[in-house]
J.: 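If you scroll down you'll find the structure; I have some questions about it.
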4 protein chains.
Amino acid sequence: MSIAFNYSVHYAKVTLVYLSGLALMTDTQTRKKWKQDPEAVQANILAAAAEEFAEHGLTGARVDEIAARTRTSKRMIYYYFGDKESLYRQVLEEAYRKVRSEEAALDLTSLAPLDALRRLVEFTFDHHRANEVFIRLVMIENVHKGRHLSESSLIARVNASAIERIEDICARGQKDGSIRPDVSPHELHWLISAACFFNISNRFSFGISFDKSLFSEPGQHKLRALTCDAVIAAARGKVS
Amino acid sequence: MSIAFNYSVHYAKVTLVYLSGLALMTDTQTRKKWKQDPEAVQANILAAAAEEFAEHGLTGARVDEIAARTRTSKRMIYYYFGDKESLYRQVLEEAYRKVRSEEAALDLTSLAPLDALRRLVEFTFDHHRANEVFIRLVMIENVHKGRHLSESSLIARVNASAIERIEDICARGQKDGSIRPDVSPHELHWLISAACFFNISNRFSFGISFDKSLFSEPGQHKLRALTCDAVIAAARGKVS
Amino acid sequence: MSIAFNYSVHYAKVTLVYLSGLALMTDTQTRKKWKQDPEAVQANILAAAAEEFAEHGLTGARVDEIAARTRTSKRMIYYYFGDKESLYRQVLEEAYRKVRSEEAALDLTSLAPLDALRRLVEFTFDHHRANEVFIRLVMIENVHKGRHLSESSLIARVNASAIERIEDICARGQKDGSIRPDVSPHELHWLISAACFFNISNRFSFGISFDKSLFSEPGQHKLRALTCDAVIAAARGKVS
Amino acid sequence: MSIAFNYSVHYAKVTLVYLSGLALMTDTQTRKKWKQDPEAVQANILAAAAEEFAEHGLTGARVDEIAARTRTSKRMIYYYFGDKESLYRQVLEEAYRKVRSEEAALDLTSLAPLDALRRLVEFTFDHHRANEVFIRLVMIENVHKGRHLSESSLIARVNASAIERIEDICARGQKDGSIRPDVSPHELHWLISAACFFNISNRFSFGISFDKSLFSEPGQHKLRALTCDAVIAAARGKVS
DNA sequence: AATGAATGAGCATTCATTCAT
DNA sequence: CATGAATGAATGCTCATTCAT
């Protein structure tokens, strides 16, 4: 007679093996060897960690939960990333790298300055909407006062191109008179970012307190237009 | 007007007394004996908790640390608030209540619509700058997807006045032609909030990645003007 | 404007009173004065405590929960009973007193010895079924190795009558030859108690492991008969 | 025969090995280094927990105290068993398993039915006396209304053999006429259990209220004989 | 006689991290 | 390169009880 059971609830894997002579089923025997290349393992961990950190924040994220989202074990997280905070930093860097490299694909040089500006706003608005994980990571990092971001030498470098693109638009617009001479590319970038970021970051509190319909598809369409109008107006010239 | 609702708890019996929206008893006033003064104890805990939650988030905050910031003990936190999450919820409610009641002091009815709008933007910009704790609590709550906010029946009510004020401005502006007829007060409120909120919430990540000088006093002055211009342009009429 | 709410969840009673001038509703104003005589208050506490202790055991019972089952407050429990363990002891004593006094109502003197014995078994069987709270208190006390029972001088006294009754039956039966001469009233009482007590005390574990139908009404009827048969057989004479 | 079931947990990975119903490794055998020996750690915890739970009940037991009785730490209890209640459940299961497997060693097939029955009662009486920890765990579980027992799929199965044995005796006795035809094996088992269980479970309250000498060695001898007589009389035939 | 406020000690449980192989 | 076992230091929370009036 031999009874074997193996019950998994929420902790780890427990295997009780009862036998009247022979061990029937040790689970190490039936376990496939993944034998992935280390880079794939690391990428897998980073992806899992990004989700968990974005979902629960740095303090709220659980290393066990990250491991569970992974194809490897918790032990490997420490093996490759040292500790939770280092992992978080790498997740942040990776997120910035990915988002900025996607932005780099946007070529605005063939458009007239104001058209380029409108296109940039639209793109940014849409891109932020499509990258909630990134938005959430940045929110979380701001809750931590940018402490980890400031330790990364990579971030500033990766963000430089974003500001260059808008500087180019401003320069061209100031040359042809379509943009007012005293405009600041940094300020313009700030305004665009504010609208596009807030649209995602604060949609919960804003939706609860005010109008949820602004976050429906038609509502978003209108907010996108509003943002374009406001940014272009600010770029064009003094009002009132 | 008198609103009474009853969800009867099981904590302790507590009576907080406010006079016309303002807390009657700030805890610095009563640094005396204060034994047997439940309201003061509660207010003191709420103040300490607000700081700790704003600093470290819901999961990052430590009840022990909150207690340490308090003139009473950890036990009393549980006595009056039940658990960490309930305390957090009450902190959130209290923060909204305080901020909205301060905003209510702003009287715009005597100003011309566009002047009122400008004044509103300036006030909001300044007010957000002066209330970082509130901003951080809202950020944190958005990291939690507004879960706790949506459980509070108070929040929507307390926010209603904010939207009424801008509706009034729009109505008056549409009447006298200074504001375009198809403007949406909710959208306008969204734009104002986005700029003023982002200015505080994301100043770390933005400052690190881009231009730190935007957050200096002169920089802030310019961003405030930029926000005014953008909002007024959006209210006035279609551009480009 | 005045808003008053009062939410009671599971802790105590919380009353937040906001007012723009006048306190509206303090709950001390609207509270009736029970002004019960002390004995009624004590009886009320004992009844509530009996339920709670029977339900959860000495360590599992919660003083707060006892208070909640009461018409008075937790403070009164300490006022009248000193501490949890003393209260428990008084509950135990009260339970024994009540059960034994109910048993005393059973008059067997007019019945022939074996009929009296059968009647006694039937009565005990039924009485135990009808007094689960008592059974549970005795179980719990046995988990505590009778520590509190042995501190009570009352218990032995109150139980004496139970043994006297069966001694009387045996004496009469031995006289008329219907009960064997070497029978021990204590042993007989032990056997009756065992069956009648176990029937209630262990019906959960027994029902789960074996036959639940024994605890249905027909099943109980059969067990009652079985117990009578077994006790009478044991009283009558040597078997096998 | 081989039964395999799978409820896969999330604790740690553990492999307990039993040989034909008997624990292979009692923890006194391995008082050496035992690091990296999960089975021994688990068994050690279960043993310590059984003592503590039997002594103080589920709510009265202290995890710290269990840990102190252990050769490992409190942390490992949670590592392997998740929480206090799960540990308790496993202790219960283990206790049932052990008791029933010891009972299985009793071979009654070579005895005449009534002799077998007498032997069974004597064995059960003695076995219960020798397993106070088990009795106490069952008492405690009954205080909890069998809640944890009913969640265990193992218990019913492990108890099946107990009832089969007495069914066999009854069948044989009915065939040769020594046991009455309408006897119920379940009822008989109930009567045996009641006497043998009560003898241990209630000896404190019974001893205090009535005759302590029943629990002396000679007293126990007489109660054992009384139980045999009563059970056999009940099995044999209708009386009075 | 009665009670709302207050509390210290303890309790179950979690979490990031390291050990040993 | 990989991993199951192990753990110290918190961490949120509870409980019986006492204080002050």
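The analysis underlying the following values was restricted to heavy atoms, covering all of them including side chains, and did not include hydrogens, waters or symmetry mates. In this text the structure is predicted, and so the values were computed from the model without any measurement.
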J.: Take the protein atom CG of L58(C) and the nucleotide atom P of dA16(F), then report the distance between them rounded to whole Å.
T.: 10 Å
J.: Taking only the side-chain nitrogens and oxygens of T72(A), find out if one of them lies under 4.0 Å from OP1 or OP2 of dT3(F).
T.: no
J.: In whole angstrom, give the distance that lies between atom CG of D64(B) and atom C1' of dG12(F).
T.: 8 Å
J.: Answer yes or no: is there a donor N or O on one side and an acceptor on the other, between the side chain of K84(C) and the main chain of L58(C), under 3.5 Å?
T.: yes
J.: Nearest of dA16(E), dT14(E), dT7(F) to any side-chain atom of S73(D)?
T.: dT7(F)
J.: Among dC13(F), dA16(E), dT17(F), which nucleotide sits nearest the side chain of V63(C)?
T.: dT17(F)
J.: Would you classify F81(A) as touching base, sugar-phosphate or nothing, given that sugar-phosphate means primed atoms plus P, OP1 and OP2, and contacts are heavy atoms under 4.0 Å?
T.: nothing
J.: Side chain of Y78(D) only, please: which of dT18(F), dT14(E), dC13(F) is the nearest?
T.: dT14(E)
J.: Classify the nucleic acid contact of A67(B) as base, sugar-phosphate or nothing, counting any heavy atom under 4.0 Å across all strands shown.
T.: nothing
J.: Closer than 4.0 Å, any side-chain N/O of R62(A) to the OP1 or OP2 of dA16(E)?
T.: yes
J.: If you only use heavy atoms from C-beta on, which nucleotide in dC13(F), dA6(F), dC1(F) is closest to the side chain of P38(A)?
T.: dC1(F)
J.: Hey, which sits more toward the 5' end of DNA chain E by its nearest nucleotide, A61(D) or Y80(C)?
T.: Y80(C)
J.: Would you find a donor on one side and an acceptor on the other, under 3.5 Å apart, between the side chain of E141(C) and the backbone of R147(C)?
T.: yes
J.: Fill in the dot-bracket string of DNA chain E, one character per base: . for unpaired, | for a pair to another strand, ( ) or [ ] for pairs within the strand, taking Watson-Crick or G-U pairs under 3.5 Å.
T.: .||||||||||||||||||||
J.: Could you tell me the separation between the NE2 atom of H56(A) and the P atom of dT14(E), rounded to a whole number of Å?
T.: 15 Å
J.: Rounded to the Å, how far apart are N44(B) CG and dA6(E) C1'?
T.: 15 Å
J.: Taking for each residue the nucleotide of DNA chain F bearing the nearest heavy atom, is the 5' side occupied by M76(D) or by K84(C)?
T.: M76(D)
J.: Between G60(A) and R75(A), name the one whose nearest nucleotide on DNA chain E is closer to the 5' end.
T.: G60(A)
J.: Please list, chain by chain and in numerical order, all residues satisfying salt bridge (Lys or Arg N to Asp or Glu O under 4.0 Å) with D83(A), sequence neighbours excluded.
T.: none
J.: Does a side-chain N or O from Y79(C) land closer than 4.0 Å to OP1 or OP2 of dT18(F), or not?
T.: no
J.: Using whole Å, report how far CD of E65(C) lies from C1' of dT14(F).
T.: 14 Å
